[in-house]
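Encoded as structure tokens, the structure appears first; notes follow it.
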Amino acid sequence: MSNLSSTNSAKLSNFEKKVYLSLTKVQRGKVVTYATLAGFPGAARAIGNAMNKNPFAPTLLCHRVVKNDGSLGGFAHRTRRKMELLRSGKVFVENEKIADFEKIKLK
DNA sequence: CTATTGACGACAT
DNA sequence: CATGTCGCCAATA
């Protein structure tokens with residue numbers, strides 16, 4: 001890998017690489033769903049695993065990944081934190097859901 | 001190679 | 001609209 005984290009030895013699978021790479025394309029103020037990030041339907045769960053292992057902790061913005069229904073989903077460090085991070089990126093959360101989800105999510 | 005698991009999704013109740 | 005069930009995929013034991 002070239003662009004991703006430098007503090008990584010990378011023994012990542014093709015799938016993982018693709019996911020992390022796509023994640024770097026998520027602009028500030030936008031979010032993406034697990035399913036969409038996967039690139040094909042059904043792999044949403046696998047994405048969660050990828051994020052959970054997440055080798056590039058702060059480097060890779062894993063907090064911009066949310067569920068398809070607009071809820072935050074899970075997070076390795078607590079959902080509160082995730083919301084804070086999102087708010088910092090101009091992504092606001094209301095009632096446990098992403099505000100204007102349909103407008104800011106990437107397809 | 002099989003079984004288990006998990007930051008999910010769609011559908012039925 | 002809230003919960004429950006079953007199905008998906010990839011990684012790990």
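Letters A, B, ... are given to chains in the order of the sequence lines, protein chains preceding strands, and every chain is numbered from 1.
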Report summary line: Between CZ of Phe40(A) and C1' of dC8(C) the distance, given in whole Å, is 9 Å
**Report entry** Nucleotide of dG9(B), dA7(B), dA10(C) approaching Cys62(A) most closely (side-chain heavy atoms)
**Finding:** dA7(B)
Query - Heavy-atom closest pair, residues Tyr20(A) and Ala50(A) - result: OH-O, 2.8 Å
Report summary line: Separation of dC8(B) atom C1' from Lys105(A) atom NZ, nearest Å, is 14 Å
What's touching nucleotides 4-6 of chain B from the protein side, N or O pairs under 3.5 Å?
| unit_1 | atom_1 | unit_2 | atom_2 | d |
| --- | --- | --- | --- | --- |
| dG6(B) | N2 | Asn49(A) | ND2 | 2.5 |
| dG6(B) | N3 | Asn49(A) | ND2 | 3.1 |

Query - Whole angstrom value for the distance that separates P of dC9(C) from CE of Met51(A) - result: 18 Å
Report summary line: note: Leu23(A), atom CG; dA7(B), atom C1'; distance rounded to Å ~ 12 Å
**Report entry** For Asp69(A), salt bridge (Lys or Arg N to Asp or Glu O under 4.0 Å) partners two or more places apart
**Finding:** Lys97(A)
Let me have the donor-acceptor pairs involving side chains of residues 60-67 of chain A, under 3.5 Å, with sequence neighbours excluded, atom names and distances please.
| unit_1 | atom_1 | unit_2 | atom_2 | d |
| --- | --- | --- | --- | --- |
| Arg64(A) | NH1 | Val26(A) | O | 2.8 |

Requested in this report: Kindly compute the distance separating OG1 (Thr36(A)) from CG (Asn68(A)), expressed to the nearest 0.5 Å.
Outcome: 6.0 Å
**Report entry** Between C1' of dA10(C) and CG of Leu37(A), the distance in whole Å
**Finding:** 14 Å
Report task. Would you indicate what Tyr34(A) reaches in the nucleic acid, counting non-hydrogen atoms under 4.0 angstrom: base, sugar-phosphate, or nothing? Result -> base
Report summary line: note: Lys82(A), atom NZ; dC8(B), atom C1'; distance rounded to Å ~ 11 Å
Query raised in the report: CG/Leu72(A) to CG/Leu85(A) distance, rounded to the nearest 0.5 angstrom?
Result: 10.5 Å
Query raised in the report: To the nearest angstrom, how far is Arg64(A) atom CZ from dA7(B) atom C1'?
Result: 17 Å
Query raised in the report: If Ile, Leu, Val, Met, Phe, Trp and Tyr residues are connected whenever their side-chain heavy atoms lie under 4.5 Å apart, and connections chain through other members, are Phe92(A) and Ile104(A) in the same group?
Result: no
Report task. May I have the distance from Glu96(A) (atom CD) to dA7(B) (atom C1'), rounded to whole angstrom? Result -> 15 Å
